[in-house]
Amino acid sequence: MVAVAICLIGMAIFSGCATDEEVNVIKQMSVTTANNVVKFQLRGTGTFSIDWGDGSSIETGKLGVDIKDDGEGWYEFSYSYSNKTVRTISITGDYIYALEIPKMQLVKLDVSNNSALSYLNCSENQLTVLNIGRLTNLDYFRCGYNQLTSLDVSQLTNLTYLWCGFNQITSLNVQGLTKLDMLSCEHNSLSTLDIGHLTNL
């Protein structure tokens, strides 16, 4: 098995110097993959650089110029390694607001500083812990088929879509999520779930 730690750092630059609120960070991701390939998709704008963590040249470019999207705004990145070992991948971008990284046997993902993230799909991985409490702009979130025992979404008041099924979650507080119109939390260890205030469901 290959363990790959991924650190993605994106900075949202609007004009002048970026403030603390304008810093868009995805950091410290750890991936385990059996096929020596790392794949992920993101949406964003501006320049990017990728250090794949194996001593190869840093990949740089501009989204939409040096790398084209798939017609729906998604940019796909993939990399194959020659052997199996732990690596750290560092990605820097001007602005990253959506991340797709399912089915990569991800064992660690830290997006806690990426306040600009509005879309996150990290489903079908091996995550046991996921800190998303600061992602207050998150609108769409999929984390099903992991190994999560707890999930704090109480501060994510902009969420409209949440799928956290097929985990081991014992409690889930969705009371403040008044915009939520899709909730799927099947196959967990929940004993109770209060959805009385979720009038959009």
Side-chain angles (χ1 to χ4, degrees), residues 1-10 21 23-35 38-43 86 88-89 91 96-201:
M1 302 296 284
V2 177
V4 181
I6 296 183
C7 174
L8 296 108
I9 301 176
E21 289 74 25
V23 176
N24 172 24
V25 180
I26 304 172
K27 63 178 183 178
Q28 197 54 49
M29 300 167 59
S30 297
V31 177
T32 304
T33 178
N35 59 2
V38 174
K39 292 183 179 181
F40 61 89
Q41 291 180 304
L42 59 82
R43 279 177 168 171
V86 175
T88 298
I89 300 171
I91 299 178
I96 297 170
Y97 61 87
L99 174 66
E100 281 254 10
I101 188 163
K103 300 181 181 180
M104 283 283 94
Q105 299 187 37
L106 200 68
V107 295
K108 187 174 182 182
L109 171 64
D110 184 354
V111 292
S112 59
N113 292 319
N114 188 356
S115 60
L117 204 64
S118 61
Y119 180 109
L120 175 60
N121 179 7
C122 56
S123 57
E124 299 181 72
N125 283 295
Q126 298 177 2
L127 297 169
T128 58
V129 176
L130 188 57
N131 181 6
I132 56 168
R134 296 175 62 184
L135 305 185
T136 54
N137 286 314
L138 204 60
D139 171 76
Y140 182 100
F141 179 42
R142 291 176 64 92
C143 63
Y145 282 104
N146 276 285
Q147 300 172 20
L148 300 171
T149 57
S150 63
L151 183 66
D152 184 5
V153 295
S154 59
Q155 302 302 311
L156 309 184
T157 55
N158 286 306
L159 265 187
T160 63
Y161 181 105
L162 172 60
W163 179 49
C164 58
F166 296 91
N167 278 286
Q168 303 164 28
I169 299 170
T170 57
S171 65
L172 183 64
N173 180 4
V174 294
Q175 282 305 289
L177 311 185
T178 56
K179 296 182 180 180
L180 203 63
D181 58 32
M182 206 300 291
L183 170 63
S184 180
C185 55
E186 73 278 21
H187 293 279
N188 275 291
S189 300
L190 297 169
S191 57
T192 61
L193 181 64
D194 186 355
I195 59 171
H197 294 84
L198 304 185
T199 56
N200 283 330
L201 276 180

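These values consider heavy atoms only, across backbone and side chains, with no hydrogens, waters or symmetry-generated copies.
The two residues Leu193 and Val174 make their nearest non-hydrogen contact at CD1-CG2, 4.4 Å. Taking both residues in full, the closest heavy atoms of Leu130 and Phe141 are given as CD2-CZ, 3.6 Å, listed atom of the first, atom of the second, then distance. Taking every heavy atom of both residues into account, Ser123 and Trp163 meet most closely at CB-CZ3, 3.8 Å. Taking each heavy atom of Gly165 and Asn188 in turn, the nearest pair found is CA-ND2, 3.7 Å. Closest of all the heavy-atom pairs between Leu172 and Cys185 is CD2-CB, 4.1 Å. Taking both residues in full, the closest heavy atoms of Ile132 and Leu156 are given as O-CD2, 3.3 Å, listed atom of the first, atom of the second, then distance.
For Asn125 (side chain) and Met104 (main-chain N/O), a donor-acceptor pair under 3.5 Å exists by modelled atom type. For the pair Asn200 (side chain) and Thr178 (backbone), a donor-acceptor distance under 3.5 Å is present. Distance alone, capped at 3.5 Å, is enough to place a donor-acceptor pair between the Asn167 side chain and the Gln147 backbone.
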Go through Leu127 and Cys143 one step at a time and tell me if the side-chain contact (heavy atoms from CB on, under 4.5 Å) criterion holds.
CA-CA 9 Å; Leu127 297 169; Cys143 63; 5.8 Å; no
Checking side-chain contact (heavy atoms from CB on, under 4.5 Å) for the pair Ile169/Leu190: CA distance, chi angles, key distance, verdict?
CA-CA 6 Å; Ile169 299 170; Leu190 297 169; 4.1 Å; yes
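Residue Ile96 holds its CD1 atom at 12.0 Å from OG of Ser118, rounded to the nearest 0.5 Å. Distance check, rounded to the nearest 0.5 Å: CG of Leu159 to CE of Met182 gives 10.5 Å. Here CG of Leu148 is found 11.5 Å from OG of Ser189. Values are rounded to the nearest 0.5 Å. The structure places CG of Leu177 at 7.5 Å from OG of Ser154, a figure rounded to the nearest 0.5 Å. His197 contributes atom NE2, which lies 5.5 Å from atom CD of Gln175 (distance to the nearest 0.5 angstrom). Atom-to-atom distance recorded for Leu151:CG and Asn146:CG is 10.0 Å, nearest 0.5 angstrom.
Applying the ring-ring contact (aromatic ring centres under 6.0 Å, His included) test to pairs two or more places apart or on separate chains, those with a residue in residues 167-189 are Phe166-His187.
Counted by atom type alone, Ser184 and Glu186 present one or more donor-acceptor pairs between their side chains at under 3.5 Å. In the model, Thr160 has a side-chain atom that pairs as donor or acceptor with a side-chain atom of Asp139 under 3.5 Å.
Tested against Glu100, the residues Arg43, Arg142, Gln41 include a single side-chain contact (heavy atoms from CB on, under 4.5 Å) partner, Gln41.
You'll find the side chain of Ile101 reaches within 4.5 Å of the side chain of Leu106, heavy atoms only. Between Asn158 and Lys179, the closest side-chain pair of non-hydrogen atoms falls below 4.5 Å.
Other residues, nucleotides and ligands contribute only 12 or fewer heavy atoms inside 6.0 Å of the CD atom of Gln155.
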